[in-house]
Amino acid sequence: MEKVLIIGSSGQLGEELAEGLRARFGEDRVVCSDIKDPGTGQEMLFEHLDVLDKDRLLEVVQKHGITQIYLLAALLSAVAEKNPAFAWRLNMEGLFNVLDLAKEGRIKKVFWPSSIAVFGPTTPKQQVPQHAITEPNTIYGVGKLAGERWCEYYHNKFGVDVRGIRYPGLIGYKTMPGGGTTDYAVHIFHGALKSHSYASFLKEGSMLPMMYMPDAVHATLSLMDAPADKISIWSSYNVTAMSFTPGELAAGIQKRIPEFVCTYAPDHRQAIADGWPASIDDTVARNDWNWTPGYGLNEMVDDMLTHLPMVLAAHQK
Ligand code: NAD
């Protein structure tokens, strides 16, 4: 019987993935952990854990009889640029601590997310295939690319079952994003609902690949459920759901909230976005483990504008 540990469970992806994993394995089979407390009012198995503390990590794994780890703790792209040395340490050493547990046979399976940040300015912009030029120009991308290589190495050398996804920008209404370059796509909904206005930190025409959170959770669970003989990529899979610009997202919101006004004030994050692809080809994931997204731009905007008002109202209480 599987028992899952999520490391970095209090973040944007972690809170939603925890719900998906609890539905998949059962409430008592999922242990959340983070250096930050979980959101208030949430009933869950929770451990304070710094992934850089190897002894404490082993203690938590043994205490709960953990069989799978989902390692989400990381510094995201924009935050990592402000502290490259620490970003490298957290994003790499945390990964080694978890991969070594798998190498030693203490856990059976690892999930580690990569990102479209592994691509860079020399990668073609459109429909980037699984195997493309990867020359990232951010420390976040450099770390993700190195992590991908290490995952594949641990698989090939030591038989470690480690699986990964190159997530595009993730959008959800349950938690705020943690300092990435695509965060505008969540902030814009908050601006639209609170003040009918938003100033985008990316240009109106800056197109990036994106995914709605239910699809990100679905992709993660599908990949982890797939039989090992269906997996052909042991570094990280391309997956995508949609691509849009801030201007197109603003127009989608204006259709539902006509008084909404979006302005554009690009900042340092524009340079990061400029190095990333506009669209991704995820054929290999579709063929290997039947990946198909459920949400495009319109479905995502409808769902966000249905659910986010309730979340904002609950926070005001
Ligand atoms: P986030 O910043 O929202 O959450 C990360 C969590 O890790 C936070 O709760 C933080 O407290 C925790 N953490 C930080 N240092 C820690 C440590 N030393 N020990 C334990 N926990 C620690 O990030 P997210 O958006 O949830 O991203 C999760 C993963 O997905 C990351 O690896 C990220 O690179 C990847 N990813 C995210 C996106 C996105 O758009 N959100 C896109 C591509 C890839």
[X] side chain near [Y] side chain, heavy-atom distance below 4.5 Å:
X	Y	value
Val110	Leu101	no
Pro38	Met44	yes
Ile233	His131	yes
Leu312	Phe189	no
Asp37	His48	yes
Glu15	Lys174	no
Pro209	Ser243	yes

Restricting to non-hydrogen atoms, name the atom on [X] and the atom on [Y] that form the minimum distance, rounded to 0.1 Å.
X	Y	answer
Val118	Leu145	CG1-N, 3.7 Å
Leu202	Thr181	CD1-O, 3.6 Å
Leu297	Glu248	CD2-O, 4.1 Å
Leu72	Gly8	CB-O, 4.0 Å
Met176	Gln12	O-CB, 3.8 Å
Met224	Arg163	O-NH1, 3.5 Å

Consider only side-chain heavy atoms of I, L, V, M, F, W and Y, link residues closer than 4.5 Å, and tell whether [X] and [Y] are in one cluster.
X	Y	value
Leu208	Ile253	yes
Phe158	Val61	yes
Val51	Tyr154	yes
Ile7	Val4	no
Leu58	Trp112	yes

[X] side-chain N/O to [Y] backbone N/O, donor-acceptor pair under 3.5 Å:
X	Y	answer
Ser279	Gln127	yes
Asn238	Val128	yes
His218	Pro214	no
Asn91	Leu75	yes
Asp225	Ser222	no
Asp50	Ile35	no
Asp215	Pro293	no
Ser10	Lys36	yes
Ser9	Ser33	yes

request  = Can you label the angle between the Phe244 ring and the Tyr184 ring as parallel, tilted or perpendicular, going by 30° and 60°?
outcome  = perpendicular
query = Relative to each other, are the rings of Tyr212 and Tyr173 parallel, tilted or perpendicular (30° and 60° limits)?
reply = tilted
message = Run the salt bridge (charged side-chain N to carboxylate O under 4.0 Å, His left out) test on Arg166 and Glu148 for me, step by step, so that the C-alpha distance in whole Å, both residues' side-chain angles and the decisive distance to 0.1 Å come before the verdict.
response = CA-CA 9 Å; Arg166 290 169 175 162; Glu148 286 192 4; 2.8 Å; yes
How many angstroms lie between atom [atom1] of [X] and atom [atom2] of [Y], to the nearest 0.5 angstrom?
X	Y	atom1	atom2	value
Phe25	Glu27	CZ	CD	13.5 Å
Cys32	Leu49	SG	CG	11.5 Å
Ile139	Glu81	CD1	CD	7.5 Å
Ile188	Leu249	CD1	CG	4.5 Å
Met211	Asp282	CE	CG	7.0 Å
Arg29	Arg22	CZ	CZ	14.0 Å

task = Start with the C-alpha distance between Tyr167 and Thr220, add both sets of side-chain angles, then the distance that settles side-chain hydrogen bond (donor to acceptor under 3.5 Å, both in side chains), and finish with yes or no.
result = CA-CA 10 Å; Tyr167 291 123; Thr220 309; 2.6 Å; yes
Does a salt bridge link [X] with [Y], judged by any charged N lying under 4.0 Å from a carboxylate O?
X	Y	result
Glu152	Arg149	yes
Glu2	Arg24	no
Arg256	Asp302	yes

inquiry  = Go through it in stages, so that I can follow the logic: the residues are Tyr237 and Trp289, the test is ring pair (Phe, Tyr, Trp, His ring centres under 6.0 Å), and I'd like the CA-CA distance, side-chain angles, deciding distance and then a yes or no.
reply    = CA-CA 11 Å; Tyr237 278 94; Trp289 39 276; 5.5 Å; yes
request  = Check the pair Asp288 / Ser232 against side-chain hydrogen bond (donor to acceptor under 3.5 Å, both in side chains), numbers first and verdict last.
outcome  = CA-CA 7 Å; Asp288 283 7; Ser232 65; 2.4 Å; yes
task = Show the numbers, then the answer: is there a side-chain hydrogen bond (donor to acceptor under 3.5 Å, both in side chains) between Ser77 and Thr138?
result = CA-CA 7 Å; Ser77 55; Thr138 60; over 6 Å; no
query = Given the side-chain rings of Tyr198 and His196, with only the six-membered ring counted for Trp, is the space between their centroids under 6.0 Å?
reply = no
request  = Might you work through the side-chain contact (heavy atoms from CB on, under 4.5 Å) test for Lys3 and Val31, ending with a clear yes or no?
outcome  = CA-CA 8 Å; Lys3 190 131 187 205; Val31 180; 4.0 Å; yes
inquiry  = How about NZ on Lys203, more than 12 heavy atoms from neighbouring residues, nucleotides or ligands closer than 6.0 Å, or not?
reply    = no
request  = Evaluate whether atom NZ of Lys125 has more than 12 neighbouring non-hydrogen atoms of other residues, nucleotides or ligands under 6.0 angstrom away.
outcome  = yes
task = Could you check Met300 against Met242 for side-chain contact (heavy atoms from CB on, under 4.5 Å), going step by step and ending with a plain yes or no?
result = CA-CA 10 Å; Met300 181 272 288; Met242 57 187 121; 3.9 Å; yes
inquiry  = Let's go through Ile280 and Val239 carefully: what are the C-alpha distance in whole Å and the side-chain angles of both, what is the deciding distance for side-chain contact (heavy atoms from CB on, under 4.5 Å) to 0.1 Å, and is it a yes or a no?
reply    = CA-CA 7 Å; Ile280 298 286; Val239 290; over 6 Å; no
task = Begin from the C-alpha positions of Gln270 and Ser206 and carry the test side-chain hydrogen bond (donor to acceptor under 3.5 Å, both in side chains) through to its verdict.
result = CA-CA 8 Å; Gln270 185 64 51; Ser206 198; 3.2 Å; yes
inquiry  = Determine whether Asp100 and Lys54 satisfy the following criterion, salt bridge (charged side-chain N to carboxylate O under 4.0 Å, His left out), listing intermediate values before the conclusion.
reply    = CA-CA 10 Å; Asp100 283 338; Lys54 210 172 172 171; 3.6 Å; yes
request  = Kindly determine whether Leu99 and Val160 satisfy side-chain contact (heavy atoms from CB on, under 4.5 Å), including the steps that lead there.
outcome  = CA-CA 8 Å; Leu99 287 178; Val160 168; 4.3 Å; yes
